[in-house]
Amino acid sequence: MSDVIHLLPDHVANQIAAGEVVQRPASVVKELLENSIDAGAQNIQLYIKEAGKILIKVVDDGVGMSITDARLSFERHATSKITSAEDLFRLNTKGFRGEALASIAAIAHVELKTRRETEEVGTCIKIEGSHITSQEPSSTAKGTSISVKNLFYNIPARRNFLKSDTVEMRHIIDEFQRVALAHPKIAFSLIHNASELFQLPGSNYRQRITNILGGKTNEKLVPVNEETEIIKISGFVGKPEFAKRTRGEQFFFVNDRYIKSPYLNHAVTAAFEGLLKDKAYPSYFLYLTVDPGSIDINIHPTKTEIKFDDDHALYAILRSSIKHSLGQFNVAPVLDFERDPNLDTPYDYENRAASNPKVEVDRNFNPFKQESGSRNFSSGFKKESGNWESLYTGLEGGNTETDVDIRQIEFESEEVTGNLFQAGRTEEVQNTTFQLNKRFIISTLKNGMLVIDQHRAHTRILYEELLKSITVSAAVSQQLLFPLILQFSQNEIALLKGIKDSLEQTGFIFSEIKSDSVEITGIPTTISESEVEMLLEQLLADFENEVPENNFSQTDLLAKSLAKSMAVKSGNLLNTTEQQHIVNGLFACKEPTLTPSNKPVFITLPVEELEKKFM
Ligand code: ADP
Ligand code: MG
């Protein structure tokens, strides 16, 4: 029998390699953006058509390429970034494999225009499925512009495998944000079809984060800074009360490269211990700088995973520096966040060494010698005591018109009607409520004070209502004017199918459940359309974390999760009617004292205890 082994032609090898590098349009975006950064670009524009299925184009003002380099750049293992294996341990570029352009050119129509600053004319190369179709001189701006059209045109299976435009665009935006967050000094823009999604001027880390995630982000950020021998940490964590229900805002960058690290993520979460609400994910934007020789980024083709030499130490340092930052914030929130900027250290003082204060001694000072100066404490007191006494004068007479007679104010009147409780209850709620700290509803009892946690109380009320509608009589729903289409992962869709019937009892109407999306035409009357996505996301996350064992616990978990998401949060201002609605609703519940997860809903403060405090 003759030999059977032969070498694969280059274009086939490239197609196979492309499978590793390019999974979807977002992978191309990442590679092209990284190449522009490696080329020292200061301005990078990303143009996308139809979620990258039609066009991905990156224009930069970096160093550009010579005619020969332009051609070579599409060869496999062609790179300008490393020359030997040792270089892998001192990487300061994003790319190094020399595979990206070759892979992309194997599975798309690519057009490259590039010019170096020193050259008058540039070059334009067109490639289709690894074959160069034309190369000619071109008058183009300094820098490089690469268009990638009809991705996967020659691999239909791949192309058909792509998700909906919304999903693919989400991936592109994710990649774009990661790169932009890692390089705040570079200006980036992203244009999809005809609309501009991002226009990010060159700035600093804080501004870049805020520009990407929205104006309110700034006030949520707590700075983290630490420098040790093995690592430098800078960046921000989100204040605990703004923690998210999903992992959306968690970013690690190591040497300016976005990475995923469940291990370091754990360190951050550990630092937040005790500060987060149930199943909330802290936001973080952490920039770690380590010796390039102490990491291995070579272990994954798309380079988002990384291996550290000394990950135990990194864990401990990360955790403690975040704890420290959060601690400072907790102890002195006023200083940290609502501070008067006038009290801040001026920037030019910040890095100056402190100078020792001069000590001046008045050798002639004699503490026993009486003199009329300000050092005479007793006379100072006497002078003021006159004014102090005058504070009383108005009260004694009580005869001017604006004066309030304290004796006439009655904080609580026995005659107030509106007893909310059946006879026999000892706690009587009067119809006077007010809100404290946007979190507690305070009400008076006949012999004390009632302090209700508004979120917990509302959760209890909704929980009991939901249980009733799921098990006894279905709730009404509000029809949506336009059906709402939400995207979910396959796993989530599977979960959703399992609880669809129960959800419909609460007022949801699902008109269609596809493999990666659902269409909703009706929702419970108690929520607004804008809340639906967040609510279902949370619900599915809860079901992923806690698999119910039987039907009863499924209903319970569903009611618990929905109640929690739907309930008013602490931090929401409530008017008197809303406050009373909650108080009334709570005490009409079967179990008003505890939340569905067994936390206390309210406390009472009897008059005797108050009296003790005044002894
Ligand atoms: P790698 O980035 O791993 O070196 P690529 O296939 O992504 O491999 O790119 C190959 C080479 O092409 C790079 O090493 C670089 O010299 C050149 N190149 C790619 N994109 C650009 C760009 N936007 N500007 C200048 N040179 C580029
Ligand atoms: Mg590259």
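For reference, positions follow the sequence shown, starting with 1. Order of listing sets the numbers, starting from 1, for every ligand and every atom in it. What you see is a predicted model, and the numbers here were worked out from it, not measured in a lab.
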*Any donor and acceptor pair, going by atom type alone, linking the side chain of Ser325 with main-chain N or O of Pro223 inside 3.5 Å?*
yes
*Would you check if the side chain of Asn154 reaches a backbone N or O of Ala106 as a donor-acceptor pair within less than 3.5 Å?*
yes
Donor-acceptor pairs are to be reported for all side-chain atoms of residues 283-294 against protein atoms at under 3.5 Å, with residues two or more places apart or in another chain.
| unit_1 | atom_1 | unit_2 | atom_2 | d |
| --- | --- | --- | --- | --- |
| Ser283 | OG | Glu249 | OE1 | 3.0 |
| Tyr284 | OH | Asn265 | OD1 | 2.7 |
| Tyr287 | OH | Leu181 | O | 2.8 |
| Asp291 | OD1 | Gly293 | N | 3.0 |
| Ser294 | OG | Asp291 | O | 2.8 |

Could you tell me whether some N/O pair between [X] and ligand 1 is separated by less than 3.5 angstrom?
| X | result |
| --- | --- |
| Leu101 | yes |
| Gly98 | yes |
| Ala100 | yes |
| Thr144 | yes |

*With sequence neighbours left out, what residues match Arg319 under salt bridge (Lys or Arg N to Asp or Glu O under 4.0 Å)?*
none
*Consider only side-chain N and O atoms of Gln538 and Asp542, and report whether a donor and an acceptor are under 3.5 Å apart.*
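Yes, Asp542 and Gln538 have a side-chain donor paired with an acceptor closer than 3.5 Å.
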*Short list, please: which atoms of ligand 1 are under 4.0 Å from a heavy atom of Ser73?*
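That gives atoms 10 (C), 12 (O) of ligand 1.
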*Kindly indicate whether the side chain of Ile125, heavy atoms from C-beta on, has any atom under 4.5 Å from the side chain of Arg71.*
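Yes, their side chains come closer than 4.5 Å.
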*Side chain or backbone of Leu32 under 4.0 Å from ligand 1, or both, or neither, by non-hydrogen atoms?*
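Contact part for Leu32 vs ligand 1: neither.
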_Non-hydrogen atom of Gly62 closer than 4.0 Å to ligand 1_ = no
*asked:* For Glu31, state whether at least one heavy atom is located under 4.0 Å from any atom of ligand 1.
replied: no
*Got a second to check how far Leu101's CG is from Ile127's CD1, nearest 0.5 Å?*
8.5 Å
*Return yes when at least one N/O/S atom of Asn35 is nearer than 2.8 Å to the Mg ion (ligand 2), and no when none is.*
yes
